[in-house]
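Since the structure comes first, as structure tokens, the remarks are kept for the end.
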Amino acid sequence: MPAATPLSPLDVKREREKAKKEARKKWIRQNGGSGVTKAEKKAIRESSNCVWCSAPADETDHLFPLSRGGPDEVSGIVASCGRCNRSRGNKLLTEWDWTRVCRGLLSNDAVGRELARLSGEDKDPTDHIPTGRRPTHT
Ligand SMILES: [Zn+2]
């Protein structure tokens, strides 16, 4: 019996990426299908630079991550560069880099809407701001 060829680290990585993509597709199918077309995503990418860092946008980012139960809707998607998109992963805005979130807040209204939605779930909307940066209540 021939020994199985061991997978190279690259193969393992590729397989993992494939599985991740499949899982994402399956998730989208189960949750009412992809509401956003490729053309719509392209339009979003081309409409602005990365809302988080102003670099040229080559990806789109769901403000409320799909994997966390967010909707696949044009209104909840912003232009993002790959670096920011990967940095954020499936974090909620309140769990991510506050500096970039603030920049996004200034460049896209949808970011403010998502933060408002998130703070509706919190008692104190400044809870997620790192201590030291919180506005002082007078
Ligand atoms: Zn960026």
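Counting convention: from 1, in listed order, for ligands and their atoms alike. Side chains are part of it too, since the values below use all heavy atoms of this structure and drop only hydrogens, waters and symmetry mates.
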Holding to side-chain contact (heavy atoms from CB on, under 4.5 Å), I want the full list of residues that pass it with Ser54, two or more places apart in sequence or in another chain.
none

Listed by chain and number, what are the salt bridge (Lys or Arg N to Asp or Glu O under 4.0 Å) partners of Arg113, not counting sequence neighbours?
none

Let's go through Glu59 and Arg86 carefully: what are the C-alpha distance in whole Å and the side-chain angles of both, what is the deciding distance for side chain to side chain contact (heavy atoms under 4.5 Å, CB included) to 0.1 Å, and is it a yes or a no?
CA-CA 10 Å; Glu59 294 182 11; Arg86 272 185 300 283; 3.6 Å; yes

Checking Arg14 now: which residues fulfil salt bridge (Lys or Arg N to Asp or Glu O under 4.0 Å) with it, not counting sequence neighbours?
Asp11

Near the Zn ion (ligand 1), meaning under 2.8 Å, the protein N/O/S atoms are Cys50 SG, Cys53 SG, Cys81 SG, Cys84 SG

Can you tell which of Pro56, Cys50, Ser87 makes a side-chain contact (heavy atoms from CB on, under 4.5 Å) with Cys81?
Cys50

Set out, in order, the CA-CA distance, both residues' side-chain angles and the distance that settles side chain to side chain donor-acceptor pair (under 3.5 Å) for Trp52 and Asp97, then state yes or no.
CA-CA 9 Å; Trp52 312 123; Asp97 181 347; over 6 Å; no

